[in-house]
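Beneath this line is the structure, given in structure tokens, with notes to follow.
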Amino acid sequence: MQQRPPAEPLLAIEAVSCRFGGLLALDAVSLQVQEGEIFGLIGPNGAGKTTLFNVISGLTPPSGGRVLWRGTPMSRPSPERVNRLGIARTFQNLRLFDSLPVIENVLVGLHHAARQPLAGALLASPAFRRRQAVLRSQAIELLALVDLAELADQTAASLSYGDRRRLEIARALATAPALLLLDEPAAGMNPVEKDDLCALIDRIRAHFALTVLIIEHHVPLMMRLCDRLAVLNFGERIALGTPEQVRHDPAVIEAYLGGQP
Amino acid sequence: MIDPTLLVQMVLGALLGLSVYLPLSGGQLSLATPGFYAIGGYMAALLSTGWPALGGAAPLYPLPSLLLELGLAGALAAAVALAIGGPVLKLRGIYLAIATISLVEILRVLNLNLPFTGGAVGIFAIPQPFSDPAGYLGAALLLLLLVGLLCQRLEGMRFGRAQAAIRDDELAASCMGIDTARVKLTAFVISAVIAALTGVLSAHFLNTWNARQGSFDASITTLAFVVFGGSRSWLGPIAGGLALTAVPELLRPIGDLRLIVYGLVIVVGPVFFPQGLITPELLKGLARWWPWRQREAAP
Amino acid sequence: MDTLLQILFNGLSVGAVYALFALGYTLVFSVLGVINFAQGAVFTLGAYFTYLLIGGAVGANGLLAGLALPFALPFWLALPLAGLAAALVSLLVEAVAFRPLRRRRAEPLLYLITSLGAGVILVNLIQLLMGAEGYSLPADSLGALPVALNLGGAQVRTVQLVLLGVSALVLIGLTLWLEGSRGGKALQAVSEDATTARLLGIDSDGMILLSFAVSGFLAGISGGLVGLSISITGPYFGIGFGLKALGVLVLGGLGSVPGAVLAGLIIGLAEALVPSELSGYKDAVAFAFLFAVLLLRPQGLLGRPQVTKV
């Protein structure tokens with residue numbers, strides 16, 4: 001499947017390396033993500049998966065290589081510029097705006113949709129108020145999508161773990177991305193919640209015509225969810241292909257699956 | 001009956017509180033306010049005493065001249081804030097606080113030594129635009145009203161939301177597409193302008209201006225206005241500024257003990273009111289009695 | 001006309017005191033992660049204690065006007081005693097301005113305010129008791145030592161040598177204590193990682209008290225030395241000095257002992273090199289330096305960069 005991608009890849013990682021002091025966190029990693037697919041990144045702890053996310057999202061400058069978005073190299077990437085290109089992310093360790101209400105977290109994601117003439121905003125003109133109302137209903141819609149609409153007015157800090165993970169997804173979706181980076185979205189979830197999450201990811205992909213790049217430890221979930229997978233180990237990409245190909249790759253079995261077939 | 005002079009001081013204190021509050025509500029502990037306050041005061045003092053065309057010799061200093069001073073002082077403060085804000089606001093937490101204190105100290109030493117700022121004595125006989133404290137009170141209240149309304153509106157706009165997001169988690173905010181550098185710089189510049197405008201009024205009101213007006217103690221005192229009043233709403237610094245400016249003056253009858261008691265108030269206040277006097281819960285409680293605010297929240 | 005050697009000595013002796021004073025801040029900062037703004041007032045107290053202990057009398061303006069201690073100690077004994085008294089005051093500051101907030105797990109911002117409040121109380125207590133006037137330690141405080149020594153052809157004030165010598169001695173003592181003793185090692189452990197240290201059975205409350213006591217002692221000694229060298233200009237004289245020491249601390253890198261020493265010496269020398277016709281600007285040197293360094297190297301000269309984990 002997809003041996004010769006007909007179109008330009010949405011995101012291309014070209015020989016990206018990342019060095020922290022003596023540690024080579026990423027060693028000339030290359031991969032391409034096609035529009036519309038769910039692409040998984042797996043690998044043991046410390047394999048460099050989150051570092052790769054940080055490079056893509058503009059948080060960590062790579063020590064070598066480059067990242068191309070729709071065929072164009074990203075020039076001087078900063079997190080806000082990357083987000084404006086259409087890449088949104090969640091965080092492994094959850095970085096919500098804890099003191100703000102749930103709905104405000106999503107409204108922060110709608111920051112760019114909220115641009116309005118300054119004078120109208122300062123004077124609270126009727127047009128400004130109408131636009132605010134529209135933004136709020138958009139935020140509620142996004143919350144409904146992740147089943148959090150009833151909790152809209154609680155503070156983010158008061159949510160349960162699984163709810164917080166889903167709120168992060170809703171907040172990222174609010175920035176209207178073409179590519180969504182999910183960093184261990186199922187961490188800490190029970191099997192039922194994990195199933196729901198899979199369904200949610202499928203749902204939002206269809207709803208927003210999204211491409212998804214996902215890091216997750218839970219291999220069965222990834223096998224089921226992803227169109228293609230890349231496997232990282234000690235900063236190197238050791239395998240790439242469909243779940244079926246990856247499952248039978250000797251290097252993966254050796255390095256990651258611990259010899260089990 | 002409270003002395004109108006004290007009321008003017010209190011309103012000026014509230015304005016300085018708002019100036020510290022604006023960057024702080026975006027999580028930026030900038031203590032540069034007294035520096036910009038000094039810039040505003042010197043601008044007013046130098047122009048009104050050194051440029052006869054403004055009408056400094058008239059029995060009452062003309063109001064258009066005062067407005068001109070306000071405009072120039074605001075513009076100068078904004079220019080300085082824009083110039084230094086970029087690099088300074090890359091610093092975080094206590095480093096930002098200390099960099100801005102350094103700035104205040106550098107300005108203070110310059111003001112003490114530059115050939116045209118009058119040395120330690122400063123500049124005196126600054127002309128009076130108002131014949132009595134009530135005039136100043138009106139002008140200061142008008143400024144407070146405008147600045148307060150501005151802060152209230154900013155909080156309801158996307159700028160305010162971005163500020164709150166940066167306060168909670170700057171990195172996550174930038175990943176949501178917020179240009180954090182720009183938001184922080186905007187808050188810093190507005191804060192500088194508020195401080196400079198307050199300095200202009202203050203210089204005329206005090207009649208004299210010197211380097212002591214913008215010093216390190218003032219940095220922390222103005223921060224105390226915000227912390228004491230509450231840093232979660234624009235009403236907090238106003239309450240804190242009014243209260244903490246009044247305390248030392250109201251304590252005058254106890255003489256030498258007054259600053260000791262003032263110190264005690266500052267030590268004990270945060271223990272009993274860790275969120276300040278005006279807390280979000282208090283505002284929620286009040287909102288129930290205030291239908292206008294309700295409509296604002298859910299249009 | 002000062003020779004270069006004299007300038008060098010001036011700079012180094014003042015710089016050594018800056019370093020000493022800055023280390024007091026750094027101890028509390030490394031354990032609690034907050035700046036103690038009362039430190040300047042404790043420094044002032046150290047100077048006043050030294051003055052009183054060597055037999056100085058209170059001036060005419062305070063509540064204690066005309067009072068003097070019934071004994072007069074030599075400077076070398078008065079200074080450490082003043083340091084101990086300052087350490088006690090520092091513990092008091094901890095109890096009043098820090099502990100209540102710590103119990104309530106208040107946000108760090110509040111400590112800036114309460115510690116400044118404690119400083120305001122101390123400064124105004126001094127003013128109430130001893131008046132606003134300045135005091136200077138008598139010229140014969142150092143006993144039989146000559147006022148100046150001839151070193152390699154240059155006249156060097158003995159006071160400066162004393163400043164340098166005492167500072168070096170205290171610095172060496174502090175380093176030995178931090179590296180060699182149980183208490184010092186425990187203090188370092190708490191400053192590296194308070195949670196782990198607690199799990200290892202180190203009493204972190206005790207360490208906090210210890211850090212306040214030692215930092216008060218350092219501030220008191222610094223105050224006494226500066227009082228000896230340039231006289232006490234009034235109750236507020238420690239505030240400006242404390243602010244400068246804070247600058248030195250940040251310049252060297254918060255939490256770094258060698259950084260604080262290096263930065264203290266650099267600032268001392270830089271101030272000494274300011275030509276006399278520009279001496280009014282001397283007080284800005286440290287801050288201009290600090291401002292420039294912060295913009296180029298936010299973690300200070302020898303500090304470790306802060307890393308945000310995503």
Side-chain angles (χ1 to χ4, degrees), chain B residues 24 29 31 84 86-88 90-110 112-114 119-120 170-172 175 215-217 219-221 223-224 226-228 231 255-272 274-276, chain C residues 29 33-35 37 62-63 96-97 100-101 103-125 127-128 236 239-240 242-244 246-247 249-250 254 278-291 294-296 298-300 306 308 310:
Chain B
L24 194 65
L29 181 53
L31 299 176
I84 61 166
V88 167
K90 288 206 182 98
L91 299 168
R92 277 156 219 261
I94 197 77
Y95 289 92
L96 175 62
I98 288 169
T100 48
I101 290 179
S102 302
L103 196 73
V104 170
E105 280 296 298
I106 294 168
L107 275 172
R108 186 184 65 84
V109 173
L110 286 179
L112 206 54
N113 290 285
L114 285 174
E170 185 169 344
L171 189 144
C175 285
S215 68
F216 154 71
D217 331 5
S219 290
I220 304 290
T221 313
L223 175 63
V226 182
V227 172
F228 206 82
S231 59
D256 291 339
L257 278 174
R258 74 189 176 102
L259 283 174
I260 295 174
V261 174
Y262 176 65
L264 272 176
V265 169
I266 298 182
V267 171
V268 173
V271 176
F272 290 106
Q275 292 199 306
Chain C
F29 181 84
V34 295
I35 302 274
F37 273 122
L63 285 180
V96 172
L101 288 178
R103 289 246 174 83
R104 285 153 207 254
R105 299 179 192 283
E107 58 172 324
L109 194 62
L110 297 183
Y111 292 97
L112 299 185
I113 308 295
T114 53
S115 65
L116 185 89
V120 168
I121 296 175
L122 289 177
V123 164
N124 286 287
L125 266 179
Q127 181 154 345
L128 188 68
Y236 283 91
I239 303 285
L243 200 55
K244 222 181 266 178
L246 185 60
L249 170 64
V250 178
L254 275 170
L278 293 177
S279 65
Y281 292 99
K282 208 165 99 175
D283 281 340
V285 169
F287 297 108
F289 224 102
L290 173 65
F291 196 69
L294 276 181
L295 297 191
L296 298 172
Q299 72 271 35
Q306 292 171 293
T308 331
V310 182

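Protein chains get the first letters and strands the later ones, always in sequence-line order, with residue 1 at the start of each. Model, not experiment: these values are computed from the prediction.
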Checklist entry - With distance as the sole test, does B/Thr100 use its side chain to make a donor-acceptor pair with the main-chain N or O of B/Leu96 at under 3.5 Å? => result yes
Next on the checklist: Is B/Val88 in contact with chain C via its backbone, its side chain, both, or neither, using a 4.5 Å heavy-atom distance?
Outcome noted: both
Next on the checklist: When you measure from the side chain of B/Ser102 to the backbone of C/Phe291, do you find a donor-acceptor pair of N or O atoms at a distance under 3.5 Å?
Outcome noted: no
Item to check | Max heavy-atom pair count under 4.5 Å with chain B, selected residue of C/Ile35, C/Asp283, C/Leu109 | outcome: C/Leu109
Checklist entry - Between B/Val268, B/Ile266, B/Leu259, which residue shows the highest count of heavy-atom pairs closer than 4.5 Å to chain C? => result B/Leu259
Checklist outcome for this item: Taken to the nearest 0.5 Å, the spacing of B/Asn113 CG from B/Arg108 CZ works out to 9.5 Å
Item to check | B/Leu31, part contacting chain C, at a heavy-atom distance under 4.5 Å | outcome: neither
Checklist outcome for this item: Honestly, the part of B/Ile94 sitting under 4.5 Å from a heavy atom of chain C is side chain
Next on the checklist: Please classify the contact between C/Leu295 and chain B as side chain, backbone, both or neither, with a heavy-atom cut-off of under 4.5 Å.
Outcome noted: side chain
Next on the checklist: Testing the basics here: between C/Leu101 and B/Pro270, what is the closest heavy-atom pair and its distance to 0.1 Å?
Outcome noted: CD2-O, 3.9 Å
Item to check | C/Asn124 side chain near C/Tyr236 side chain, heavy-atom distance below 4.5 Å | outcome: yes
Next on the checklist: Any heavy-atom pair between the side chains of B/Tyr262 and B/Thr221 that's under 4.5 Å?
Outcome noted: yes
Next on the checklist: As an exercise, state the distance from CD1 of B/Ile98 to CG of B/Leu103, rounded to the nearest 0.5 Å.
Outcome noted: 13.5 Å
Next on the checklist: I need the B/Leu114 CG to C/Tyr281 OH distance, nearest 0.5 Å.
Outcome noted: 4.5 Å
Checklist entry - What part of B/Leu223 gets closer than 4.5 Å to chain C, counting heavy atoms only: side chain, backbone, both or neither? => result both
Next on the checklist: If I measure from the heavy atoms of chain B, does C/Ile113 come under 4.5 Å with its side chain, its backbone, both, or neither?
Outcome noted: both
Checklist outcome for this item: Interface check, chain C: of B/Val109, B/Leu257, B/Leu110, most non-hydrogen pairs under 4.5 Å belong to B/Val109
Checklist entry - Taking all non-hydrogen atoms of both residues, which atom of B/Val227 and which atom of C/Leu110 are closest, and how far apart? => result CG1-CD2, 2.9 Å
Checklist entry - Side chain, backbone, both or neither: which part of C/Leu63 has a non-hydrogen atom closer than 4.5 Å to chain B? => result neither
Checklist entry - If you round to the nearest 0.5 Å, how far is CG of C/Leu112 from OG of B/Ser219? => result 11.5 Å
Checklist entry - So which part of C/Phe37 gets closer than 4.5 Å to some heavy atom of chain B, the side chain, the backbone, both or neither? => result side chain
Next on the checklist: Does any backbone or side-chain atom of C/Leu125 lie under 4.5 Å from a heavy atom of chain B? Answer side chain, backbone, both or neither.
Outcome noted: both
Checklist entry - Relative to chain C, which of B/Pro274, B/Gly93, B/Gly263, B/Pro87 shows the most heavy atom pairs under 4.5 Å? => result B/Gly263
Checklist outcome for this item: Applying a strict 4.5 Å limit to non-hydrogen atoms, the region of B/Leu29 in contact with chain C is side chain
Item to check | Proximal component of B/Leu24, with respect to chain C [non-hydrogen, under 4.5 Å] | outcome: side chain
